[in-house]
Protein chains: 2
Amino acid sequence: MDWQEKLNQKGLRLTHPRRAIISVLERADTSLSPQAIHQRSLDANEEIGLVSVYRTLELFTELGLVRRVHGHSECQGYVLASPGHHHHLVCHSCDATVEFSGVEDLSSLITHIEEETGFTINEHLLQFSGLCPDCQRKTDIRD
Amino acid sequence: MDWQEKLNQKGLRLTHPRRAIISVLERADTSLSPQAIHQRSLDANEEIGLVSVYRTLELFTELGLVRRVHGHSECQGYVLASPGHHHHLVCHSCDATVEFSGVEDLSSLITHIEEETGFTINEHLLQFSGLCPDCQRKTDIRD
DNA sequence: TCCTTATTGAAAAATATTTTCAATAAGGAT
DNA sequence: ATCCTTATTGAAAATATTTTTCAATAAGGA
Ligand SMILES: [Mn+2]
Ligand SMILES: [Mn+2]
Ligand SMILES: [Zn+2]
Ligand SMILES: [Zn+2]
C-alpha cells in the first residue's frame, strides 16, 4: 500500500502540501529537517507553509510513512519510510542516509535485559553511523 | 575515574554549576531536559544559569559523563553515564530510564550491512523502550 | 594572598515550534 | 458540472528553545 492509499483509507485528503513533502523526501538522499523540507519545497516552486510541514511530518510519522533519524546534534531529520521493519545508517561526513531492513535478532538480548531489569520491552531504536562509500574515497585521497 | 578526576585531567574547573548538574542527574530516575535540570537545580537551592546547563551538558557529553536519550517526541533528555559501553531502556509510561551494559553482539549484523551498503560502520545507537515494573503493575490493576 | 584565566550569568539575538482562526480546496454527493 | 461539507491550509502571533556576547566572577595554581 502506498502513501496515497494509506491516506484514503484513513479518510485523509491528498493535498498539495502533502504531495510536495513526499516529493521532496523522495528526491532526498539525506534526512531533512522541517525547515530544510520547507526550503526545498519552495525551491521546487511548490509553495507551502512551514506549519504544514510540521503538521504533515507529525501525521506521516504517526502513519509510518516517514521516520525520524536521530543524529549526534540534530534529531529532527526525517526520511521516507519503506513499509516494514527498518533502521537507518547515516554517514558522519555527508549525512547520506540509507535504510537497512531490520533483520537483526535482538530477542536473546531483549530477554536478557527484561530479566535483569523487570521491564517489558516492546520497541527498539537502532541506528548505525559511519562513512559512506563516497566519503571513504575522499578520506583515502587526503591521506 | 570519576567525573571530578576527569575534569582535573583535562584542566577543567570544578565549578558550582557543574557540581549542581551532576547532583541533579544523580538524583534523577528519568532523563532530564536542560530546562528540567535547571529547574531542579533551583529547587535544590543551587542557583545556576540555564546557559550553564546547556554548556555543561555539551561539555559532559563530549567527555562521556552524560548521554543523551532519544524519545519519541523529546530527544533532549540527559542521563548520567557510567563508564564503558552502555545503552538505555526507557519506560513509555513514566519515563523511568535505566542503563544496560552494551554486551550485545552486533558484529555479524554490522558486517552484513557494511557489505550490503559499502558503508564503514563505527558507531551505533541502541535504545529499548517498554514498561517498567511499576507501570506494569499499574496497568494490571486497571484491567 | 595574589594572579591568571576558565567559567559564569544576564541580556539580547537568533531559531524553532505551537496555537489560533478565517479562508481555502479536497472530494463525495447530487 | 456544480454544490456542499469539512478537513486542511497558511498568515500571524504567541511560546519555547538555543546560541551569542561580554563584563564580572571565582577556581585553583603560584
Ligand atoms: Mn530492529
Ligand atoms: Mn551497543
Ligand atoms: Zn558520506
Ligand atoms: Zn514506568
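First the proteins, then the strands, lettered A, B, ... as listed; each starts at 1. Below, all heavy atoms of this structure are taken into account, side chains as well, without hydrogens, waters or symmetry copies.
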(request) Taking side chain to side chain donor-acceptor pair (under 3.5 Å) as the test, write out the residues that go with A/R19, two or more places apart. (result) none

(message) Please list, in numerical order, the residues of residues 21-33 of chain A that have a heavy atom closer than 4.0 Å to any atom of DNA chain D.
(response) none

(request) Under the side chain to side chain donor-acceptor pair (under 3.5 Å) rule, collect the residues that match up with A/D2, sequence neighbours excluded. (result) none

(request) Check whether any side-chain nitrogen or oxygen of B/R55 sits under 4.0 Å from OP1 or OP2 of C/dT7, and answer yes or no. (result) no

(request) Side-chain contact test, heavy atoms from C-beta onward, threshold under 4.5 Å: evaluate it for A/F128 versus B/I110 and give yes or no. (result) yes

(message) Within the 4.0 Å limit for protein heavy atoms, which parts of nucleotides 23-30 of chain C are touched? Write it as a string from 5' to 3', B for base, S for sugar-phosphate only, - for none.
(response) --BBS---

I'd like a table of donor-acceptor pairs (distance under 3.5 Å, sequence neighbours excluded) in which one partner is a side-chain atom from residues 57-66 of chain B, with atom names and distances.
residue	atom	partner	partner atom	Å
B/T61	OG1	B/L57	O	2.6

(message) Rounded to whole Å, how long is the line connecting atom CD of B/E47 with atom C1' of C/dT7?
(response) 18 Å

Using distance only, find each side-chain donor-acceptor pair of residues 39-52 of chain A under 3.5 Å and give its atom names and separation, not counting sequence neighbours.
residue	atom	partner	partner atom	Å
A/Q39	NE2	A/D43	OD1	2.9
A/S41	OG	A/E46	O	2.8
A/E46	OE1	A/H16	NE2	3.2

(request) Name all pairs fulfilling the side-chain hydrogen bond (donor to acceptor under 3.5 Å, both in side chains) condition that reach into residues 118-130 of chain A, sequence neighbours left out, sorted by first residue then second. (result) A/H85-A/H124, A/H87-A/H124, A/E104-A/H124, A/T120-B/Q136, A/E123-B/H72, A/E123-B/H92

(message) Can you list everything that forms a side chain to side chain donor-acceptor pair (under 3.5 Å) with B/S107? Sequence neighbours excluded, please.
(response) B/D105

(request) Mark yes or no for whether B/Q4, through its side chain, and B/L14, through its backbone, hold a donor-acceptor pair below 3.5 Å. (result) no

(request) Rounding to 10 degrees, work out the angle separating the end axes of the helix from C/dT1-D/dA30 to C/dT30-D/dA1 (five pairs an end). (result) 40°

(request) Provide the full list of side-chain hydrogen bond (donor to acceptor under 3.5 Å, both in side chains) pairs with a residue in residues 73-83 of chain A, sequence neighbours left out, each pair given once. (result) A/R68-A/Q76, A/S82-A/E99

Side chains of residues 21-32 of chain B: which donor-acceptor pairs under 3.5 Å do they make with residues two or more places apart or in other chains?
residue	atom	partner	partner atom	Å
B/S23	OG	B/R27	NH2	2.8
B/R27	NE	B/S23	O	3.4

Nucleotide N/O to protein N/O under 3.5 Å, stretch nucleotides 15-19 of chain D:
residue	atom	partner	partner atom	Å
D/dT18	OP1	B/Q76	NE2	2.9
D/dT18	OP2	B/Y54	OH	2.2
D/dT18	O5'	B/Y54	OH	3.4

